[in-house]
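Everything on this sheet refers to the single structure shown next.
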Protein chains: 2
Amino acid sequence: MLYDQFHKTRRYFAVDCVIFGYQGEQLKLLLFKRKLEPAKGQWSLIGGWVKEDESTEGAAHRVLQVTTGLKDIYQEQVYTFSHPSRDPGGNVVTVAYYALINIDEKINELIEQHGAQWFPLNTLPQLIFDHSEIVEKALDKLRFKATYELIGKQLLAEKFTLSQLRRLYNEIFQTDFDPGNFRKKVMSLKVLEKTNEKDMSESRKGAFYFKFIEEDETQEKSGPIFKRSI
Amino acid sequence: MLYDQFHKTRRYFAVDCVIFGYQGEQLKLLLFKRKLEPAKGQWSLIGGWVKEDESTEGAAHRVLQVTTGLKDIYQEQVYTFSHPSRDPGGNVVTVAYYALINIDEKINELIEQHGAQWFPLNTLPQLIFDHSEIVEKALDKLRFKATYELIGKQLLAEKFTLSQLRRLYNEIFQTDFDPGNFRKKVMSLKVLEKTNEKDMSESRKGAFYFKFIEEDETQEKSGPIFKRSI
DNA sequence: GCAAAAGTGTTGTAGTTACACCCATGC
DNA sequence: GCATGGGTGTAACTACAACACTTTTGC
């Protein structure tokens with residue numbers, strides 16, 4: 001190969017996935033018992049080696065599919081971690097991705113087979129290596145995205161009430177949005193459509209379900225939709 | 001090594017630097033004539049292989065130091081590009097960084113030795129591989145940073161007038177900020193201090209020079225300082 | 001005096017916050 | 001009827017855009 005003269009290095013190349021889910025009004029993280037030495041059996045992000053003829057996007061996608069059974073999971077590159085001694089097992093460069101998952105029964109079956117478990121963000125166990133830092137960066141990026149566009153499509157069910165959406169935002173930003181103001185702001189974005197169905201489980205009056213309007217990649221980023229009130 | 005059983009791949013690992021400078025009221029990019037096959041002699045970003053026991057941050061720093069002679073250049077990770085066929089010479093994963101440089105005489109000497117040249121952003125030549133995409137992402141990130149905090153410390157001389165700063169922002173966002181409003185906004189951030197010196201070269205009245213207040217990493221990100229008026 | 005940039009002041013508007021208030025319904 | 005979340009309305013406040021205005025100086 002052309003570049004071989006420059007390379008004597010043994011380096012490994014991996015991806016790690018920060019998988020966010022939302023369940024029981026809590027933003028959660030999917031963690032795995034590591035199957036590999038070193039640190040075998042400890043909690044970690046799910047990762048995988050990047051194969052030949054595979055991009056990191058592809059590798060992350062593959063890892064997510066294997067561990068959740070889902071295709072077409074929403075994912076976004078977070079950061080690349082490359083400190084030579086970040087992994088005691090060798091010089092492993094990892095490209096981190098975060099993913100957004102709608103937690104349901106089917107997924108949880110597969111997840112259990114992998115020895116994985118959902119953890120609320122504020123009660124995470126000790127993670128291996130620099131995985132805490134990776135989670136921190138992923139969360140920053142998620143918050144950031146949520147400031148600039150309305151997220152929830154991937155984390156919530158197809159139909160959801162505005163209260164459910166608001167509580168998701170409350171979780172993400174660890175704050176307490178005013179119900180009235182939140183509703184007005186969200187409606188002004190014109191990215192949701194009201195359905196005719198009502199959720200009667202959370203209130204006497206009932207709340208209309210909304211869903212995201214299908215659009216072809218036309219989420220224009222215009223400006224912050226919420227003040228970074230964190 | 002522990003992980004060797006999983007690796008049969010030949011892959012190369014590089015960094016590329018998007019070097020921004022500001023000169024003659026123009027935001028410029030430093031480009032290099034590639035010294036390597038393939039695409040030898042064509043314009044490209046400056047890059048380098050990541051050595052053993054080196055992080056990508058370290059590699060980018062080293063590459064910047066060699067090509068500009070400067071230590072402690074401000075740099076920030078942009079994105080990792082890993083499509084297996086992005087470089088015809090082999091499977092090269094590259095981590096992109098952008099850097100901010102204050103262009104002056106000394107630098108330009110070294111730069112010429114490397115066959116490098118400053119190009120205004122709107123008249124870039126054809127770049128190799130996916131380097132245009134890398135530049136685009138870097139510029140996005142720079143704009144983004146400039147929206148959230150006052151930049152200029154690395155791009156301008158130590159002392160500068162508010163008009164000079166405003167024209168830098170005009171360049172970055174390709175817009176025309178109102179002089180009065182720009183001044184008020186910048187002053188409200190309380191990150192600049194007025195010096196006693198005046199620049200008499202650009203106006204009859206003369207304009208006071210300002211400089212950035214020294215602070216120990218206390219640029220708190222609160223909210224956007226300028227509407228993304230792009 | 002006049003041109004030209006530096007610097008200050010003013011006014012209207014848009015978006016947000018805080019909060020009051022009505023609505024629909026199960027109990 | 002009353003408690004509860006759903007949903008609407010409103011007044012105060014803030015930030016910003018637009019633009020008028022004053023200041024200082026070289027010519």
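The model shown is predicted, which means the values in this text are computed figures rather than measured ones. In what follows, chains are A, B, ... by sequence order, proteins preceding strands, each numbered from 1.
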Using atom [atom1] of [X] as one end and atom [atom2] of [N] as the other, report the distance to the nearest whole Å.
X: B:Asp176; N: D:dC19; atom1: CG; atom2: C1'; value: 14 Å
X: B:Glu202; N: C:dA3; atom1: CD; atom2: C1'; value: 17 Å
X: A:Phe177; N: C:dC19; atom1: CZ; atom2: P; value: 17 Å
X: B:Lys198; N: C:dA4; atom1: NZ; atom2: P; value: 19 Å
X: B:Asp199; N: C:dA4; atom1: CG; atom2: P; value: 18 Å
X: A:Leu189; N: C:dT16; atom1: CG; atom2: P; value: 9 Å
X: B:Tyr169; N: D:dC16; atom1: OH; atom2: P; value: 13 Å
X: A:Phe182; N: D:dG5; atom1: CZ; atom2: C1'; value: 16 Å

>> If we check ring-ring contact (aromatic ring centres under 6.0 Å, His included) with B:Trp43, which of these qualifies: B:Phe129, B:Phe32, B:Phe119?
In response: B:Phe119
>> Categorize B:Ser163 for me: base, sugar-phosphate, or nothing, with a 4.0 angstrom heavy-atom threshold over every strand shown.
In response: sugar-phosphate
>> Categorize A:Ser188 for me: base, sugar-phosphate, or nothing, with a 4.0 angstrom heavy-atom threshold over every strand shown.
In response: nothing
>> Evaluate A:Lys145 against A:Glu149 for salt bridge (Lys or Arg N to Asp or Glu O under 4.0 Å), listing each step before the verdict.
In response: CA-CA 6 Å; A:Lys145 186 184 169 63; A:Glu149 56 188 272; 3.3 Å; yes
For the side chain of [X], starting at C-beta, report the closest nucleotide among [options].
X: A:Arg183; options: D:dT8, D:dT24, C:dT25; value: D:dT8
X: B:Arg204; options: C:dA3, C:dT25, C:dA6; value: C:dA3
X: B:Asp178; options: D:dG9, C:dA5, D:dA18; value: D:dA18
X: A:Lys205; options: D:dA18, C:dG7, C:dC23; value: C:dC23
X: A:Asn181; options: C:dT25, D:dG7, D:dG9; value: D:dG9
X: B:Met200; options: C:dA5, C:dT16, D:dT25; value: D:dT25
X: B:Ser203; options: D:dG6, C:dA5, C:dG9; value: C:dA5

> So which heavy atom on A:Ile134 is nearest to which on A:Arg86, and how close?
Replying inline: CD1-NH2, 4.1 Å
>> Testing the basics here: between A:Glu57 and B:Thr80, what is the closest heavy-atom pair and its distance to 0.1 Å?
In response: OE2-O, 4.4 Å
> Hey, are A:Arg167 and A:Glu171 close enough for a salt bridge, meaning a charged N less than 4.0 Å from a carboxylate O?
Replying inline: no
>> Check this one for me: any side-chain N or O of A:Lys185 less than 4.0 Å away from OP1 or OP2 of C:dG15?
In response: no
>> What I want to check is whether an N or O donor and acceptor connect the side chain of A:Lys184 with the base of D:dT10 at under 3.5 Å.
In response: yes
